[in-house]
Amino acid sequence: MTGMRILVTGAAGFIGGHVTDALRAAGHDVTGLDSLHPMAHRATRLPDGVRRGDVRDAATVADALAGVDVVVHQAAVVGMGVDLADLPEYVGSNDLGTAVLLAGMARAGTRRLVLASSMVVYGEGAYTCPEHGAVPPAERTAADLAAGHFEARCPACAAVLEPGEVDEDAPLRPRSVYAATKAAQEHLAAAWAGASGGSAVALRYHNVYGPGMPRDTPYSGVAAIFRSALETGRAPRVFEDGGQRRDFVHVTDVAAANVAAVSDTGGGGGFRAYNVCSGHPTTVGAMAGILAAAMAGPEPVVTGQFRAGDVRHVVASPARARRDLGFAAAVVPDEGIRGFATAALRD
Ligand code: UD1
């Protein structure tokens with residue numbers, strides 16, 4: 001379906017900007033809203049068709065929703081946070097903001113929501129124990145990590161677990177403030193859809209990278225951190241043993257998933273969630289190697305350091321998004337990461 005009127009929140013951001021462009025290219029009439037939150041933006045210029053405003057403000061939201069068919073909600077404070085002092089800002093921007101938006105949609109009669117969610121809602125990925133089958137892994141202990149034992153263990157017998165693919169029915173086990181706010185957004189969207197008869201599609205983005213990604217900040221993903229290091233002649237510093245698995249998904253594919261979700265009318269009302277991933281998992285060490293080679297930089301250094309609370313492996317099946325939304329990623333990470341070596345970043 002083309003020609004719908006769409007409001008994109010967070011439209012000046014890295015992902016929101018690509019989503020806005022892709023929706024316009026697909027023939028939709030898009031307006032954007034963005035608060036230019038200082039945790040995400042150094043620049044104060046807004047892209048064309050994007051107005052400044054905060055989703056926490058009911059009057060701003062009411063104004064922005066006039067005549068809108070679908071809301072694509074990308075506005076959020078992202079990343080791991082620096083410390084717990086950030087907690088109110090995460091909950092305010094992400095959960096209060098979503099609540100104000102959903103209340104505004106109920107008032108305005110806007111019945112469709114596409115929500116930017118994240119694989120962080122799962123916590124750890126899926127694992128099986130040779131003895132006990134599918135199990136949630138035990139928390140990795142400080143002693144194991146300090147001894148360089150990074151693989152997750154079975155909570156029943158401490159055997160090393162085999163990682164697998166996480167699917168959308170996996171329980172949500174958020175492990176950080178950011179993850180908790182993303183899980184809460186999903187729950188709020190589901191409650192809104194149930195009570196209003198509307199439809200909410202949550203897109204659980206995996207590790208997004210691509211042109212316009214913010215440079216090295218406390219809120220950046222690892223691809224931008226490695227890219228920033230290599231640009232100044234420094235080696236990427238790979239934590240743990242580099243064997244941790246992720247699915248790096250290109251931002252143009254994330255934008256395409258949003259276009260597919262907006263165009264999807266097959267699901268009726270209610271809440272649905274989809275993994276948005278490339279379907280080609282890789283290790284952080286391999287990604288660092290590809291980027292370093294593409295930038296003719298120093299070889300990555302595997303430091304053995306680790307971050308408290310990091311998950312070991314989280315990779316997913318792209319099958320459900322393909323089946324229901326007709327979305328399949330076009331960019332294979334090996335090629336996408338090579339292209340990322342020369343992509344423009346956002347200051
Ligand atoms: C990231 C995001 C999370 C987001 C999710 C899905 C951050 C900080 N984390 O989680 O908010 O929802 O992707 O898109 O934005 N690593 C290194 N060297 C470094 C930095 C990180 O080896 O200098 C390793 C980490 O230990 C981890 C992996 O790279 O194993 C990925 O880290 P990161 O990019 O922060 O992503 P996630 O933790 O997967």
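As a basis for the values below, the full set of heavy atoms in this structure was taken, side chains included, without hydrogen atoms, waters or symmetry mates. All ligand and atom numbering here is 1-based and tracks the order in the structure. Counting begins at 1 with the first residue of the sequence.
- Close contacts between ligand 1 and Val284 involve ligand atoms 22 (O), 28 (C), 29 (O) [criterion: under 4.0 Å to a heavy atom].
- Between the side chains of Asn94 and Glu89, no donor-acceptor pair is found at a separation under 3.5 Å.
- Looking at Arg175, Arg246, Arg307 and measuring to atom 33 (P) of ligand 1, the nearest heavy atom belongs to Arg307.
- Polar contact check, Glu240 against ligand 1: no nitrogen or oxygen pair lies under 3.5 Å apart.
- If you look at Arg237 next to ligand 1, the close heavy atoms, those under 4.0 Å, all belong to the backbone.
- Which parts of ligand 1 touch Val238 is read off a 4.0 Å heavy-atom cut-off, strictly below it: atoms 22 (O).
- Among the candidates Val8, Val70, Val201, the single residue satisfying the side-chain contact (heavy atoms from CB on, under 4.5 Å) test with Val262 is Val70.
- Only the side chain of Val120 comes within 4.0 Å of ligand 1, counting heavy atoms alone; its backbone N, CA, C and O stay farther away.
- Counting heavy atoms under 4.0 Å from ligand 1, residue Tyr205 touches it through the backbone alone.
- A side-chain donor from one of Tyr122 and Asn275 sits under 3.5 Å from a side-chain acceptor of the other.
- Ring-plane geometry between Tyr127 and His313 is classed as tilted, the angle between the planes lying from 30 to 60 degrees on a 0 to 90 degree scale.
- At a 3.5 angstrom cut-off on N or O pairs, Val222 counts as close to ligand 1.
- A chain of hydrophobic side-chain contacts below 4.5 Å, direct or via other Ile, Leu, Val, Met, Phe, Trp or Tyr residues, connects Leu96 to Leu188.
- Remark: Glu186 does not engage Lys182 in a salt bridge, criterion side-chain N to carboxylate O under 4.0 Å.
- Less than 4.0 angstrom separates some heavy atom of Ser118 from each of these atoms of ligand 1: 4 (C), 6 (C), 12 (O).
- At a threshold of 4.5 Å between side-chain heavy atoms, the hydrophobic network of Ile, Leu, Val, Met, Phe, Trp and Tyr places Val91 and Tyr178 in one connected group.
- If you number the atoms of ligand 1 from 1 as listed, the ones under 4.0 Å from a heavy atom of Phe226 come out as 17 (C), 18 (N), 19 (C), 22 (O), 23 (O).
- Near Gly221, meaning under 4.0 Å from one of its heavy atoms, ligand 1 places the atoms 34 (O).
- Between Phe248 and His206, the ring center distance fails the sub-6.0 Å criterion.
- In plain terms, the two heavy atoms of Gly92 and Arg56 that are nearest each other are O-CD, 3.3 Å.
- Every atom of ligand 1 with a heavy atom of Asp310 under 4.0 Å away is listed here by number and element: 25 (C), 26 (O), 27 (C), 30 (O).
- Heavy-atom contacts of His206 reach the following atoms of ligand 1: 6 (C), 14 (O) (cutoff under 4.0 Å).
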